[in-house]
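Heavy-atom basis, side chains included; hydrogens, waters and symmetry copies ignored. Every chain is numbered from 1, with letters handed out A, B, ... down the list of sequences.
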2 protein chains.
Amino acid sequence: MLKKLDPLLHSELRLAIMSLLISVEKAEFTYLKEQTEATSGNLSVQITKLEDAGYIFVKKGFKGKIPQTTCNITKKGVEAFEKYVKDLKEYLKL
Amino acid sequence: MLKKLDPLLHSELRLAIMSLLISVEKAEFTYLKEQTEATSGNLSVQITKLEDAGYIFVKKGFKGKIPQTTCNITKKGVEAFEKYVKDLKEYLKL
DNA sequence: TAAACTAGTTTATAATATAAACCAAATTTA
DNA sequence: TAAATTTGGTTTATATTATAAACTAGTTTA
């Protein structure tokens, strides 16, 4: 039967975040916001969910005097993403 | 930027239904239920949504004395599914 | 003829996503 | 230098969506 898709990744915005993070070393909140065109609130919530799941690591610091949130994907996150893609291919018969 | 994924297809059960229907001429409600392992209620609701969108055609008849619901994907449905797959590939960089 | 089964639909509830409102600090501008 | 604006977010409220539970209508079986 069809595999159960990871519900944490089967969300448009979270998938976009993970997809962006998988190909870079790290990315800033503002960069993710620009790329995804999400609102800050939505982005903040989804980042927290991915962080809680251990899929990404979030570091809060400052760029000069301005707060700066930086994210990077974890090993667990990469594995989850790859599994999601694999499972999805079964659905789509790719 | 990333394409907006068709929200009607970006649902696990609806995607499974469409994926099953795309490779067959038609399928019965019971077959879809077996394959997706969904509850009747959930399946019924999602079929109606796909029908309302014009992605599938639903025919209600009888097999002997027992009611039988048969579904088949429409041209519009095939197109939407193919577009979804294409858009998704951008996310996943496939 | 009562219980259990088939094939669903409707409705209520839970989960999720999203938007709006808010906050603190820094910066610009009048 | 005080007020307004911007930056970089978080929190909270609301809308949307998914799911499960309850129900309907008829059939088969014991």
Side-chain angles (χ1 to χ4, degrees), chain A residues 1-21 26-53 55-72 80 84 91, chain B residues 1-21 26-53 55-72 80 84 91:
Chain A
M1 229 296 292
L2 291 168
K3 292 267 175 50
K4 179 103 189 82
L5 294 178
D6 183 342
L8 216 89
L9 292 182
H10 198 64
S11 138
E12 188 161 4
L13 183 49
R14 288 196 299 272
L15 193 60
I17 294 168
M18 292 291 280
S19 178
L20 288 166
L21 289 180
K26 59 194 164 67
E28 291 163 27
F29 186 96
T30 49
Y31 172 77
L32 294 174
K33 184 164 182 263
E34 271 169 36
Q35 292 295 312
T36 59
E37 289 176 11
T39 60
S40 302
N42 195 6
L43 185 57
S44 178
V45 170
Q46 306 312 329
I47 281 178
T48 300
K49 286 188 184 178
L50 290 171
E51 186 186 14
D52 288 349
Y55 287 3
I56 66 173
F57 175 74
V58 179
K59 189 182 152 203
K60 277 158 201 310
F62 286 85
K63 181 176 57 182
K65 295 168 179 178
I66 289 173
Q68 187 182 46
T69 298
T70 310
C71 307
N72 62 276
Y84 174 80
Y91 276 70
Chain B
M1 232 296 293
L2 292 168
K3 292 267 173 52
K4 180 105 188 82
L5 295 177
D6 183 342
L8 216 89
L9 293 182
H10 197 65
S11 137
E12 188 160 4
L13 183 48
R14 288 196 299 270
L15 192 60
I17 294 167
M18 292 292 281
S19 178
L20 288 166
L21 289 180
K26 59 193 163 68
E28 291 164 27
F29 186 96
T30 49
Y31 172 78
L32 293 174
K33 186 165 180 262
E34 271 168 37
Q35 293 295 312
T36 59
E37 290 176 11
T39 60
S40 303
N42 196 5
L43 185 58
S44 177
V45 168
Q46 306 312 330
I47 282 176
T48 300
K49 285 188 185 179
L50 290 171
E51 186 186 15
D52 289 347
Y55 287 3
I56 65 173
F57 176 74
V58 179
K59 191 181 151 202
K60 276 155 204 311
F62 285 85
K63 181 176 58 183
K65 294 170 179 176
I66 289 173
Q68 188 182 45
T69 298
T70 311
C71 308
N72 62 276
Y84 174 80
Y91 276 70

Query - nucleotides 6-12 of chain C: protein proximity per nucleotide (B base, S sugar-phosphate only, - neither; heavy atom, under 4.0 Å) - result: -SBBBB-

Query - Results of side chain to side chain contact (heavy atoms under 4.5 Å, CB included) for A:Ala27 - residues two or more places apart only - result: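 In terms of side chain to side chain contact (heavy atoms under 4.5 Å, CB included), with neighbours along the sequence ignored, A:Ala27 is linked to A:Leu21, A:Val24, A:Tyr31, A:Leu32.
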
Report summary line: Contacts of B:Lys59 meeting side chain to side chain contact (heavy atoms under 4.5 Å, CB included) (sequence neighbours excluded), chain-then-number -> B:Phe57

Query - Short side-chain N/O contact from A:Arg14 to OP1 or OP2 of C:dT16, under 4.0 Å - result: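 Indeed not, no polar side-chain atom of A:Arg14 lies that close.
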
Query raised in the report: Are A:Lys4 and B:Glu12 within salt-bridge range, i.e. N to O under 4.0 Å?
Result: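 Yes.
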
Requested in this report: Would you sort out whether B:Leu20 and B:Ile17 count as a side-chain contact (heavy atoms from CB on, under 4.5 Å), showing the intermediate values?
Outcome: CA-CA 5 Å; B:Leu20 288 166; B:Ile17 294 167; 5.8 Å; no

Would you kindly give the [atom1]-to-[atom2] distance between [X] and [N], to the nearest whole Å?
| X | N | atom1 | atom2 | result |
| --- | --- | --- | --- | --- |
| A:Tyr31 | D:dG8 | OH | P | 16 Å |
| A:Glu12 | C:dA17 | CD | C1' | 11 Å |
| B:Ile17 | D:dA18 | CD1 | P | 11 Å |
| A:Leu15 | C:dA17 | CG | P | 11 Å |
| B:Leu5 | D:dT17 | CG | P | 14 Å |
| A:Phe62 | D:dT7 | CZ | P | 17 Å |
| B:Ile47 | D:dA18 | CD1 | P | 14 Å |
| A:His10 | C:dA17 | NE2 | C1' | 13 Å |

Query - Nearest-nucleotide comparison on DNA chain C, the residue closer to the 5′ end among A:Leu8 and A:Lys65 - result: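 Result of the comparison: A:Leu8.
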
**Report entry** Trace of the side-chain contact (heavy atoms from CB on, under 4.5 Å) decision for B:Met18 with B:Leu50
**Finding:** CA-CA 9 Å; B:Met18 292 292 281; B:Leu50 290 171; 4.0 Å; yes

Report summary line: dist B:Ser11:OG -> B:Gln46:CD (nearest 0.5 Å) comes out at 5.0 Å

